Amino acid sequence: MKKYVIALDEGTTSVRAGVYDTEKGAFVHRAQQEVGQSFPHSGWVEQDANEIYYKVMYVLNDCIQAVGAENVAGIGIANQRETVVFWNRETGEPVCPAIVWQCRRTGKYCASIGGEVKKQIKEKTGLLPDAYFSASKIKWNLENVPEARKLMDEGKLCAGTVDSFIIFRLTGKFLTDYTNASRTMLFDIRKMKWDEELCEFFGISLEILPIPVASDSVFGTTKFAGKEIPVAGVLGDQQAALFDQGCYREGDGKITYGTGLFMLFHTGEKCVFSDSGLLTTVGYTLGGKTAYALEGSAFNAGSTVQWLRDGLGVIKSSAESEEIARSVPDSGGVNFVPAFTGLGAPHWNSEARGLFSGISRGTTRAHIVRAVLESIAFGARDLADCMIRDSGICLREIRCDGGASANSFLMQFQADVLGIAVNRPQERESTLLGVALLSAVSLGLLSEDKLDGRRVSEKIFMPSPDRVKFDGLYKNYLMAVKRALLSE
Ligand code: ADP
């Protein structure tokens with residue numbers, strides 16, 4: 001019996017793959033390759049889709065060789081979301097650079113979308129008009145890349161998110177999964193199909209888009225070492241983390257503490273729409289059922305710790321921030337607002353910039369470091385409050401992952417500030433594991449009812465019962481945010 005599943009995580013800065021042993025319930029081999037980015041103009045971010053593909057093939061080959069192609073049951077794919085690739089349907093060759101999710105080149109255009117279209121975007125796709133999502137990136141390529149237009153006129157153009165490009169190159173099938181489609185601003189998240197009116201608004205013909213299918217589908221087969229291997233199970237990276245974290249019920253939530261902070265909150269089988277500017281998105285589809293999630297993000301989380309290290313030079317490593325923060329009993333009244341690139345939900349202000357407040361003669365490096373770590377937790381409280389208010393659903397517990405979740409001071413402070421337990425798993429490569437699990441279920445190697453008891457906690461951080469104290473600290477943070485908004 002083939003017991004291995006290869007999980008692929010095509011991220012923004014690296015491509016990772018892991019061999020998941022479905023009997024042991026663990027990864028037995030991993031491979032990783034860095035992927036470059038280019039910044040041809042201010043605010044533009046591009047990648048070479050061929051480089052992505054070659055690095056994907058490299059890590060897949062590495063993993064498949066480690067256990068033998070004959071023992072591999074299938075490949076699951078998780079990927080950076082929203083990024084757009086254009087390629088030639090006949091050759092599979094990319095037509096132009098991939099426009100990465102962070103790219104702001106269509107920012108002005110998206111800001112001009114208002115009225116009825118803005119309303120439709122929210123009602124149908126769960127999103128807000130923003131350059132972050134794929135639609136305006138596709139439109140930009142169609143208007144600015146002559147080769148793309150020519151191929152489109154000849155019926156040979158494929159335009160899609162990174163998952164669809166990898167699936168196409170591996171299997172020859174032109175498909176995307178629902179979670180990735182839900183990040184394009186073109187996809188009706190209740191009807192589970194491209195919305196013709198929105199496609200028309202953005203000038204995008206349906207023929208150039210992949211066919212959306214459920215995340216737990218078998219997408220096709222590919223060949224490695226002469227052996228046919230199915231590609232089964234595809235999810236956007238944040239959704240894969242949600243899946244791994246065992247967030248299978250309404251009220252389950254996870255926070256990924258990476259460069260930025262992503263919070264996803266499972267709202268069951270119903271779409272919840274936010275009044276605070278949070279996004280409604282497809283969590284995953286499994287066995288014909290769709291789980292929806294509310295999503296909120298803070299642009300800067302771990303990046304503030306990087307800034308302490310590389311910008312201010314007050315710590316030597318990200319990990320050192322924990323010990324330094326613990327060396328003082330509190331932040332000494334210092335608050336930090338991490339608005340390096342504006343503030344997201346619920347403040348929504350792209351002009352606001354960072355700010356320290358409450359500095360006195362007694363302020364030390366430790367207070368500054370502590371205030372910076374605390375600001376990450378306060379940013380998550382902003383999002384959690386919106387989610388609870390908008391959904392009316394009670395948040396039971398937060399499951400954490402990502403680089404900065406290694407910081408136990410931060411996780412304890414997070415539990416205290418939220419008043420909710422923070423549960424840290426043993427395996428923190430959540431994206432990779434999430435898609436490994438989905439792939440195993442799709443291939444029939446793991447039954448759905450086994451998913452629940454599988455996640456192993458490493459530590460549960462219980463919240464302090466002193467709500468007055470921590471609500472007070474959060475209020476002080478909100479006062480500092482007010483000042484940051486005033487100073488724009
Ligand atoms: P990404 O996938 O966004 O690149 P990762 O999940 O790899 O991010 O996390 C990296 C981020 O986590 C960096 O910004 C780093 O500063 C931060 N980080 C890593 N370890 C710690 C730590 N012990 N304490 C605080 N921040 C940390």
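Quantities reported herein were computed from a predicted structural model and do not represent experimental measurements. Atoms within each ligand, like the ligands themselves, are counted from 1 in listed order. Side chains included, hydrogens not; waters and symmetry mates left out as well; all remaining heavy atoms used.
In summary, the side chains of His29 and Asp62 do present a donor paired with an acceptor at a separation below 3.5 Å, with no hydrogens or angles considered. A donor-acceptor contact closer than 3.5 angstrom is absent between the side chains of Gln102 and Glu82. No side-chain N or O of Asn79 forms a donor-acceptor pair with one of Asp237 less than 3.5 Å apart.
Arg169 forms a cation-pi arrangement with Tyr53, by the criterion of a distance under 6.0 Å to the ring centre and an angle within 45° of the ring axis.
Taking the six-membered ring where tryptophan is involved, the planes of Phe409 and Phe413 are essentially parallel, since the angle between them stays under 30° and well short of 60°.
Listed by chain and residue number, Asp177 satisfy the side chain to side chain donor-acceptor pair (under 3.5 Å) test with Thr179 (two or more places apart in sequence, or in another chain).
Listed by chain and residue number, the protein contacts of ligand 1 are Gly258, Thr259, Gly302, Ser303, Val305, Gln306, Ser318, Ala319, Ser321, Gly402, Gly403, Ala404, Asn407 (heavy atom within 4.0 angstrom).
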